[in-house]
Q: 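Before anything else, here's the structure in question.
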Amino acid sequence: QTGCYGDINKVDTTGASCKTARAEGLSYCGINASAKMAEKDLPTMNNYKAIIKNASRAICMDPAVITGIISRESNAGTLLKDGWDELGNKFGLMQIDKHKHQLFGPWNSKVHLIQGTGILADNIKLIQKKFPRWTKEQQLKGGISVYNAGLENVQSYDKTDIGTTNNDYANDIVARAKYFKRNGY
C-alpha cells in the first residue's frame, strides 16, 4: 500500500544528518544511519503494527510513512515517559504537541495514531495548495517537514528541511520509512 499521497520509494532523500546519527550513537550519517536507527526500532514497532495499519487505512497514508515518523519522534515509544517527551509538551508515539492540538486517546492507541496521521495528511494538503506544481512525492516530503516545523518553514523543495530539527527531519523520516517499507510496512 502506498496511500493517497505518493510513493515513499520514489521520494529522494539524503537520510539522517550526522548530528541526528551521533545523538543515536552512530559514527556515520546518511541513509545508512537512518536505516540503522529504524532497524533498532523495528522489534518494538512491530508491537504497534496492527494499529499503524488501521491508521493507515483510515487516513489513506502509507504505513511506512507513519512508522518513519514514530521512529524519529519516539523511537517506537521507547523514549517516552507515560507517553510524554522529556519536556512534557509532546504526547504519544507520533509526538503531538499539546500547545497546538487537543490530544485524543492513550499515547499508544489507534485513536492517537489516527489523530497524528490526520495531522500529517492535513500538512501534506497545505503543501499541495502552496506548491501545486510539485510532484506528489515532493508534496509528501514537504508535508513531513511541515509536521515538524510548520508550513511557513517550507519555502522551496531544495530547502525543505532547513529549519527542521537538525535540518534533516523529512530526509531522515523518508529514509527510515523506506527501511520499514522493505520490512513489512
Q: If every non-hydrogen atom of Lys136 is compared with every non-hydrogen atom of Cys4, which pair is closest and at what distance?
A: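 The pair with the smallest heavy-atom distance is NZ-O, 3.1 Å.
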
Q: Ignoring hydrogens, what is the shortest heavy-atom contact between Ile124 and Gly143? Give both atom names and the distance.
A: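 Shortest heavy-atom separation between Ile124 and Gly143 comes out as CG1-CA, 3.8 Å.
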
Q: Is any side-chain heavy atom of Ile70 closer than 4.5 Å to one of Tyr48?
A: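 Of all side-chain heavy-atom pairs linking Ile70 with Tyr48, none is under 4.5 Å.
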
Q: Please give me the minimum heavy-atom distance between Ala16 and Met37, naming the atom from each residue.
A: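 Taking every non-hydrogen atom into account, CB-CE, 3.6 Å.
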
Q: Treat each ILVMFWY residue as a node, draw an edge where side-chain heavy atoms are under 4.5 Å apart, and state whether Phe91 and Ile51 are in one component.
A: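 Yes: a chain of side-chain contacts under 4.5 Å links Phe91 to Ile51.
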
Q: Spell out, as yes or no, whether a donor-acceptor pair under 3.5 Å connects the side chain of Glu24 to the backbone of Ser34.
A: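 No, because the side chain of Glu24 does not come within donor-acceptor range (under 3.5 Å) of the backbone of Ser34.
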
Q: Determine the minimum heavy-atom distance between Leu80 and Gly92, stating which atoms define it.
A: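 Looks like CD1-O, 3.5 Å.
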
Q: Is the shortest heavy-atom distance from the side chain of Lys129 to the side chain of Lys125 under 4.5 Å?
A: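 Of all side-chain heavy-atom pairs linking Lys125 with Lys129, none is under 4.5 Å.
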
Q: Any side-chain to backbone donor/acceptor pair from Ser56 onto Asp62? Under 3.5 Å, distance only.
A: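 Side chain of Ser56 to backbone of Asp62: no pair is present.
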
Q: Show your working on side chain to side chain contact (heavy atoms under 4.5 Å, CB included) between Asn47 and Asn108 and close with a plain yes or no.
A: CA-CA 10 Å; Asn47 294 328; Asn108 57 354; over 6 Å; no

Q: For Asn153 and Thr160, which heavy atoms make the closest approach, and how far apart are they?
A: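 So the two residues come closest at ND2-O, 3.9 Å.
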
Q: Can you tell which of Asp168, Thr165, Asn148, Thr67 makes a side chain to side chain donor-acceptor pair (under 3.5 Å) with Arg72?
A: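 Testing each of Asp168, Thr165, Asn148, Thr67 against Arg72, the sole residue satisfying side chain to side chain donor-acceptor pair (under 3.5 Å) is Asp168.
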
Q: What pairs with Trp134 under ring-ring contact (aromatic ring centres under 6.0 Å, His included), at least two apart in sequence or on another chain?
A: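 Result, ring-ring contact (aromatic ring centres under 6.0 Å, His included) vs Trp134: Phe131, Tyr157.
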
Q: For the side chain of Lys141 and the backbone of Val174, is there at least one donor-acceptor N/O pair under 3.5 Å apart?
A: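 Judged by distance alone, no pair lies under 3.5 Å.
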
Q: Once you round to the nearest 0.5 Å, how far does CG of Asn46 lie from OG1 of Thr44?
A: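 Separation between the atoms: 8.5 Å.
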
Q: With no hydrogens and no angle check, just 3.5 Å: does a side-chain donor-acceptor pair link Asp122 and Tyr147?
A: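 Their side chains do not contain a donor-acceptor pair, so the 3.5 Å distance test is not met.
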
Q: To the nearest 0.5 Å, what is the distance between CG (Asn171) and OG1 (Thr14)?
A: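 If I round to the nearest 0.5 Å, the distance is 3.5 Å.
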
Q: Report yes or no: does His112 contribute a side-chain atom to a donor-acceptor pair with the main-chain N or O of Leu93 at less than 3.5 Å?
A: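 Yes, His112 side chain to Leu93 backbone: donor-acceptor pair under 3.5 Å.
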
Q: Please report the shortest heavy-atom distance between Ile8 and Ala177, naming the atom on each side.
A: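 The answer is CG1-CB, 3.7 Å.
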
Q: Looking only at side chains, do Asp172 and Thr20 share a donor and an acceptor under 3.5 Å apart?
A: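 Result is no, nothing qualifies.
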
Q: Just checking, is any N or O donor in the side chain of Asn75 or Asp41 under 3.5 Å from an acceptor N or O on the other one?
A: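 Note: Asn75 and Asp41 side chains meet the donor-acceptor criterion.
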
Q: Do other residues, nucleotides or ligands put more than 12 heavy atoms under 6.0 Å from Lys159 NZ?
A: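 No, the 6.0 Å shell around NZ holds no more than 12 heavy atoms from other groups.
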
Q: Verify side chain to side chain contact (heavy atoms under 4.5 Å, CB included) between Tyr179 and Lys36, making sure each step is shown before the conclusion.
A: CA-CA 9 Å; Tyr179 173 86; Lys36 189 64 168 176; over 6 Å; no

Q: Report, as yes or no, whether the 6.0 Å neighbourhood of atom NZ on Lys130 holds more than 12 heavy atoms from other residues, nucleotides or ligands.
A: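 Counting other residues, nucleotides and ligands, NZ of Lys130 exceeds 12 neighbours.
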
Q: Just how far is it from atom CG of Leu79 to atom CD of Glu73, taken to the nearest 0.5 Å?
A: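 Here the interatomic distance stands at 10.0 Å.
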
Q: Just so I know, are the side chains of Val146 and Tyr169 near enough to count as touching, which here means a heavy-atom distance under 4.5 Å?
A: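 When only atoms from C-beta onward are counted, Tyr169 and Val146 do not touch, as no gap falls below 4.5 Å.
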
Q: Surrounding NZ of Lys19 (heavy atoms of other residues, nucleotides or ligands, distance under 6.0 Å), is the total greater than 12?
A: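 Not buried by this count: 12 neighbours or fewer within 6.0 Å.
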
Q: List the residues meeting ring-ring contact (aromatic ring centres under 6.0 Å, His included) with Phe104, not counting sequence neighbours, and say none if there are none.
A: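 Not a single residue meets the ring-ring contact (aromatic ring centres under 6.0 Å, His included) criterion with Phe104.
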
